[in-house]
Number of protein chains: 2
Amino acid sequence: MPDPADALSEHAVERLIAYRRHLRQRLMQGCDRIYSHDLAKPEGVTPAQVRRDLMTIGYTGSPARGYDAKGLITHISSLLDARSVGGFALVGVGHLGRAILDYLARQHPEYKVAAFDVNPDKAGGVTHGCRCYMLDEMKQVLTQQSMRVGIVTVPADAAQDAATRLVEAGVCGLLNFAPVRLRVPARVYVENVDIALRLEKVAFFALASRPKETQE
Amino acid sequence: MPDPADALSEHAVERLIAYRRHLRQRLMQGCDRIYSHDLAKPEGVTPAQVRRDLMTIGYTGSPARGYDAKGLITHISSLLDARSVGGFALVGVGHLGRAILDYLARQHPEYKVAAFDVNPDKAGGVTHGCRCYMLDEMKQVLTQQSMRVGIVTVPADAAQDAATRLVEAGVCGLLNFAPVRLRVPARVYVENVDIALRLEKVAFFALASRPKETQE
DNA sequence: GCTATACTGTGAGTGAATTCACAGTGTGAT
DNA sequence: ATCACACTGTGAATTCACTCACAGTATAGC
Ligand SMILES: NC(=O)c1ccc[n+]([C@@H]2O[C@H](COP(=O)([O-])OP(=O)(O)OC[C@H]3O[C@@H](n4cnc5c(N)ncnc54)[C@H](O)[C@@H]3O)[C@@H](O)[C@H]2O)c1
Ligand SMILES: NC(=O)c1ccc[n+]([C@@H]2O[C@H](COP(=O)([O-])OP(=O)(O)OC[C@H]3O[C@@H](n4cnc5c(N)ncnc54)[C@H](O)[C@@H]3O)[C@@H](O)[C@H]2O)c1
């Protein structure tokens, strides 16, 4: 109950993740203190929003010195990474699936990742440094490696099946790329990334007569 | 000024796109009339939200018969597609870029798509039914084919450059997959799809002790 | 040491988006 | 023909996220 992490809204978590990424970048450039507006501008939010977020997670800076970059990263991480996810299980080693596997292998070699596909040519092999299994091995693999997050990159008509299998294998979070709303138990968190929808959205707003847009 | 399309919020547009997709699916199944709750449940919104949205775009159903699927699709499309986007220009023919090119070629052969890459091995060729050009051909190609939307799938450190080139070539909308906030003129609409962030977000909420979540 | 400054922390205010709740109504059943 | 029902359309209420604005304060400069 007293865990502040439980009070974070989805938006707040997204911003905290972005702040942390930005802070790490700054830190590598040798910048160890940072003001709310330094964090706000590149992320497209207001300084007040940043301070509010940091207040929410209980991190305190100092006037005239701002926030300590390293300490803030640690603080954010202690909230976000408090509970280890074990690893990721990706279903559907197609174009998008391979792109993600490749990304994870290159950028996050620390994550454990397992891949699954119906296609027997893919199952059994190793793609982008990640072992690819057959679907019926899912439960065993996930249990053994205690993976709690699933990634769905199968065609739309297979997405529900993939999700159901992942849930049965024990995941409690899903990142879904299929243009379908998945039906899962309430305890399972689902995040939809609908690329086709986003594309249509951009097409719309690109040509909408946008009024008094604020300057960046 | 009286164009209702200008009054649509980002969220509203996203929902309308989802409604339309769902309606098309229903229509193919031979269902020509639909109630607000039929549209709401699979999209994860409330029936009231659906009615409010349709009211906003000025579409009227009838009690006891609901909305006419075909007419509603037409109505939504008349708002969303009012202004033709010409086509899409994708920069960065890597893993993700190829996945998107492939998707567009298969699912949306009606869209014109051009690809661009620094890598001379890629430029000049044809990937997934889409001609790949060199960067310095961008302005010419986009002007000629009147493409108004850019897709950025280059590494983070090349994203700003890609965006700047696209804007100079005349695009007024960007779909950005790089984990960077792009700096562009205010008239240009930017939509960020931050896959890595979404992945971290799922990992967090998967393990957050979720309170009184509503049942699906 | 003292002061001016530029920041943080936060209560209050604002505005947008969503939901509630119900009056109004066309339809299918009888 | 009549009625009961289940739906729509929508003003009002609510929720939520964000922004404002300013008091409080640690620092750097003098
Ligand atoms: N690639 C994109 O840019 C893009 C854009 C928009 C949406 N999407 C969505 O993302 C998803 C994946 O797209 P993609 O381009 O990678 O498709 P793809 O066809 O390249 O890959 C799909 C993979 O899933 C596997 N598969 C099929 N049925 C399966 C099942 N029942 N269980 C396990 N694996 C199965 C196939 O063998 C294949 O390897 C689709 O739902 C698509 O609509 C992709
Ligand atoms: N693949 C994923 O699942 C994934 C996940 C998270 C984020 N992203 C982001 O998406 C972007 C693309 O990822 P990817 O996996 O496709 O990378 P990738 O390395 O496979 O592809 C990058 C492509 O961009 C080209 N390129 C490099 N510099 C360029 C320039 N200046 N102009 C034009 N083209 C250039 C390269 O030749 C290459 O073809 C990256 O910003 C990455 O951070 C991808």
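In the text below, chain A, chain B and the rest are named by the order of the sequence lines, each starting its count at 1.
- Residue Arg65(A) has a polar side-chain atom (N or O) positioned under 4.0 Å from OP1 or OP2 of dT27(D).
- Note on Gln49(B): every side-chain N or O is 4.0 Å or more away from OP1 and OP2 of dA17(C).
- In the set dC20(C), dC7(D), dC18(D), the nucleotide with an atom closest to the side chain of His37(B) is dC7(D).
- In this structure, Ser36(A) and Ser9(B) both approach DNA chain C, and ranking their closest nucleotides by distance from the 5' end singles out Ser36(A).
- The nearest whole Å value for the distance from the CG atom in Leu16(A) to the P atom in dA17(D) is 13 Å.
- Nearest heavy-atom pair, Gly92(A) versus Asp117(A), reported as atom, atom and distance to 0.1 Å: C-OD2, 3.6 Å.
- Residue Asn192(A) comes nearest to Val180(A) through the heavy atom pair OD1-O, 3.9 Å, listed as atom of the first residue, atom of the second, then distance.
- The pair Lys139(A)-Glu168(A) fails the salt-bridge criterion, with no side-chain N (NZ, NE, NH1 or NH2) lying under 4.0 Å from an Asp/Glu carboxylate O.
- Side-chain contact between Leu23(A) and Ile76(A) is present, with heavy atoms from C-beta onward closer than 4.5 Å.
- Across dG9(C), dC22(C), dA12(C), the shortest atom-to-atom separation from the side chain of Arg52(A) is found for dA12(C).
- DNA chain D is contacted by both Arg33(A) and Ala48(A); Ala48(A) maps to the nucleotide lying nearer its 5′ end (nearest heavy atom per residue).
- When rounded to the nearest whole Å, the span between CG of Leu54(B) and P of dC7(D) equals 15 Å.
- Rounded to whole Å, atom P of dC7(D) lies 13 Å from atom CD1 of Ile34(B).
- Residue Ser62(A) places none of its side-chain N or O atoms closer than 4.0 Å to OP1 or OP2 of dT8(C).
- When the P atom of dA17(D) is taken as reference, atom CD of Glu10(A) falls 9 Å away, rounded to whole Å.
- Here the nucleotide nearest the side chain of Arg51(A), chosen from dC22(C), dG9(C), dT25(D), is dG9(C).
- When the side-chain nitrogen and oxygen atoms of Arg15(A) are compared with OP1 and OP2 of dC18(D), one or more of them lie within a distance under 4.0 Å.
- Checking the phosphate oxygens (OP1, OP2) of dG9(C), a side-chain nitrogen or oxygen of Thr60(A) falls inside 4.0 Å.
- Between Asp53(B) atom CG and dT8(D) atom C1' there is a gap of 14 Å when expressed in whole angstrom units.
- To the nearest angstrom, C1' of dC7(C) lies 9 Å from OH of Tyr67(A).
- Across every non-hydrogen atom of Leu101(B) and Ala115(B), the tightest pair is CD1-CB, 3.9 Å.
- With dG24(C), dG9(D), dA26(D) as the candidates, the nucleotide lying closest to the side chain of Pro63(B) is dG24(C).
- Distance Met55(B) CE to dT8(D) C1': 11 Å, rounded to the nearest Å.
- Counting only heavy atoms from C-beta on, Tyr35(B) has its side chain closest to dC7(D) among dC7(D), dT19(C), dT8(C).
- At whole-Å resolution of the value, NZ in Lys41(B) and P in dC7(D) are 11 Å apart.
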